[in-house]
Peer 1: 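Right, I'll just put the structure down here and ask away after.
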Amino acid sequence: MQKKYRLKSGRVFNYLHKKGISSANKRLVLVYAPSKYPLKVGFIVSKKVGKAVVRNKVRRRLREIFRSLIPRLEDNCNYVIIARAECANSTFAQLKESMESILIKAGKLSKTED
């Protein structure tokens, strides 16, 4: 995923946690809020998911899945995706299905590819 899409500021993460709208399933939690700037995303993978190797693997998978969904997403919105412990044992396909369903549930992803 390109750097221009990454959330880096801790203040933005805190703002999204306080003011954002959340949606969840058993593997992921999505927190989002409208923004006057282009689309940005941040990922949170806590120690509950596993040790460093597992957390990094989950983070890499989530970034790749999100990168493939960028053309179908609503622009001008900030997203934070929080991984739950179930992600450690999930396959790439399960994570992709989970992310698509959570974004569709939130109304931020178009169901068909362009």
Side-chain angles (χ1 to χ4, degrees):
M1 188 170 62
Q2 296 174 342
K3 285 187 177 183
K4 69 179 182 178
Y5 294 119
R6 292 192 187 155
L7 271 179
K8 296 173 198 154
S9 170
R11 286 188 293 174
V12 178
F13 276 93
N14 290 337
Y15 174 81
L16 285 169
H17 274 291
K18 289 178 186 174
K19 305 282 184 180
I21 303 161
S22 68
S23 181
N25 60 24
K26 70 179 186 176
R27 289 186 185 96
L28 300 171
V29 177
L30 171 70
V31 181
Y32 62 93
S35 171
K36 59 183 175 180
Y37 301 107
L39 176 140
K40 299 263 187 197
V41 64
F43 299 93
I44 299 174
V45 184
S46 72
K47 289 185 177 181
K48 292 177 185 177
V49 175
K51 296 198 178 208
V53 174
V54 176
R55 292 194 311 266
N56 288 330
K57 183 170 109 176
V58 169
R59 195 175 296 114
R60 283 192 310 269
R61 286 179 172 182
L62 292 175
R63 280 187 187 139
E64 176 58 24
I65 292 165
F66 197 87
R67 184 198 61 77
S68 69
L69 296 174
I70 287 175
R72 296 171 50 196
L73 281 169
E74 262 187 36
D75 206 12
N76 299 334
C77 202
N78 288 335
Y79 302 92
V80 172
I81 296 172
I82 304 166
R84 290 185 167 172
E86 184 72 27
C87 286
N89 303 325
S90 302
T91 64
F92 186 85
Q94 289 172 330
L95 285 174
K96 184 168 185 166
E97 177 189 330
S98 188
M99 189 175 295
E100 285 178 345
S101 70
I102 203 169
L103 287 165
I104 289 171
K105 182 177 167 185
K108 297 296 176 185
L109 185 71
S110 61
K111 293 183 183 182
T112 59
E113 291 193 30
D114 295 340

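Quick caveat: nothing in here was measured; it's all calculated off a predicted structure. All residue numbers refer to positions in the sequence shown, counting from 1.
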Peer 1: For a 4.5 angstrom cut-off between non-hydrogen side-chain atoms, does Arg67 reach Arg63?
Peer 2: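 Side-chain contact under 4.5 Å: no.
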
Peer 1: Is there a chain of hydrophobic side chains (I, L, V, M, F, W, Y, each step under 4.5 Å between heavy atoms) that links Ile102 to Leu62?
Peer 2: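 Linked within one cluster.
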
Peer 1: Under 3.5 Å, sequence neighbours excluded: what are the donor-acceptor pairs made by side chains of residues 84-92?
Peer 2:
residue, atom, partner, partner atom, Å
Arg84, NH1, Asn25, O, 2.7
Ser90, OG, Arg27, NE, 2.8
Ser90, OG, Glu86, O, 2.8
Thr91, OG1, Gln94, N, 3.2

Peer 1: Where is the tightest heavy-atom contact between Ser68 and Lys96, given as atom of each residue plus distance?
Peer 2: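 It is OG-NZ, 4.0 Å.
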
Peer 1: When rounded to the nearest 0.5 angstrom, what is the spacing between CD1 in Ile81 and OH in Tyr32?
Peer 2: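 One gets 12.5 Å once the value is rounded to the nearest 0.5 Å.
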
Peer 1: To the nearest 0.5 Å, what is the distance between NZ (Lys108) and OG (Ser23)?
Peer 2: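 Those atoms lie 11.0 Å apart.
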
Peer 1: Name all residues meeting the ring-ring contact (aromatic ring centres under 6.0 Å, His included) criterion together with Phe66; count only those two or more places apart in sequence or in a different chain, and write none if there are none.
Peer 2: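 Only Tyr79 meet the ring-ring contact (aromatic ring centres under 6.0 Å, His included) criterion with Phe66.
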
Peer 1: Got a list of side-chain donor-acceptor pairs under 3.5 Å for residues 4-12, not counting sequence neighbours?
Peer 2:
residue, atom, partner, partner atom, Å
Arg6, NH2, Met1, O, 3.2
Ser9, OG, Arg11, N, 3.2

Peer 1: Do Ile82 and Leu95 sit in the same hydrophobic cluster, where Ile, Leu, Val, Met, Phe, Trp and Tyr count as joined when their side-chain heavy atoms come under 4.5 Å apart?
Peer 2: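 Each belongs to a different hydrophobic cluster.
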
Peer 1: For the pair Lys105 (side chain) and Ala24 (backbone), establish whether a donor and an acceptor sit closer than 3.5 Å, ignoring hydrogens and angles.
Peer 2: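 Checked: pair present.
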
Peer 1: Hey, quick one: are Val41 and Val45 part of the same hydrophobic cluster, counting side-chain heavy atoms closer than 4.5 Å, chains of contacts allowed?
Peer 2: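 Per the 4.5 Å side-chain linkage, Val41 and Val45 are co-clustered.
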
Peer 1: Quick one: side chain to side chain contact (heavy atoms under 4.5 Å, CB included) partners of Glu97, sequence neighbours excluded?
Peer 2: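 Testing Glu97 for side chain to side chain contact (heavy atoms under 4.5 Å, CB included), a comparison that skips the adjacent residues, returns none.
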
Peer 1: To the nearest 0.5 Å, tell me how far Ile104 CD1 sits from Leu69 CG.
Peer 2: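 Taking CD1 in Ile104 and CG in Leu69, the distance rounds to 9.0 Å.
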
Peer 1: Which atom pair, heavy atoms only, marks the closest approach of Tyr15 to Ala33?
Peer 2: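 The pair with the smallest heavy-atom distance is CE2-CB, 4.5 Å.
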
Peer 1: List for me each residue that meets side chain to side chain contact (heavy atoms under 4.5 Å, CB included) alongside Arg60, sequence neighbours excluded, and say none if there are none.
Peer 2: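 Result, side chain to side chain contact (heavy atoms under 4.5 Å, CB included) vs Arg60: Asn56, Lys57.
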
Peer 1: Are Phe43 and Leu109 grouped together when hydrophobic residues (ILVMFWY) are joined by side-chain heavy atoms under 4.5 angstrom apart?
Peer 2: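 As far as the 4.5 Å side-chain criterion goes, Leu109 and Phe43 are connected within one cluster.
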
Peer 1: Are Ile44 and His17 packed together at the side-chain level, in the sense that at least one heavy-atom pair is separated by less than 4.5 angstrom?
Peer 2: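 Sidechains of His17 and Ile44: in contact.
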
Peer 1: Does Asp75 have any side chain to side chain contact (heavy atoms under 4.5 Å, CB included) partners at least two apart in sequence or in another chain, and if so, which?
Peer 2: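 Side chain to side chain contact (heavy atoms under 4.5 Å, CB included) check on Asp75 returns Pro38, Leu39.
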
Peer 1: Are Lys40 and Ser35 side-chain neighbours, meaning at least one heavy-atom pair lies under 4.5 Å?
Peer 2: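 With C-beta onward as the side chain, the pair stays apart.
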
Peer 1: Scan Leu30, Leu16, Val31 and name whichever one has a side chain to side chain contact (heavy atoms under 4.5 Å, CB included) with Ser22.
Peer 2: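 With Ser22 as partner, Leu30, Leu16, Val31 yield a single side chain to side chain contact (heavy atoms under 4.5 Å, CB included), made by Val31.
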
Peer 1: CG of Leu28 to OG of Ser101: how many Å apart, nearest 0.5 Å?
Peer 2: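 Those atoms lie 8.0 Å apart.
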
Peer 1: Out of curiosity, Leu103 CG to Arg72 CZ, how far, rounded to the nearest 0.5 Å?
Peer 2: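 Output value for this atom pair is 9.0 Å.
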
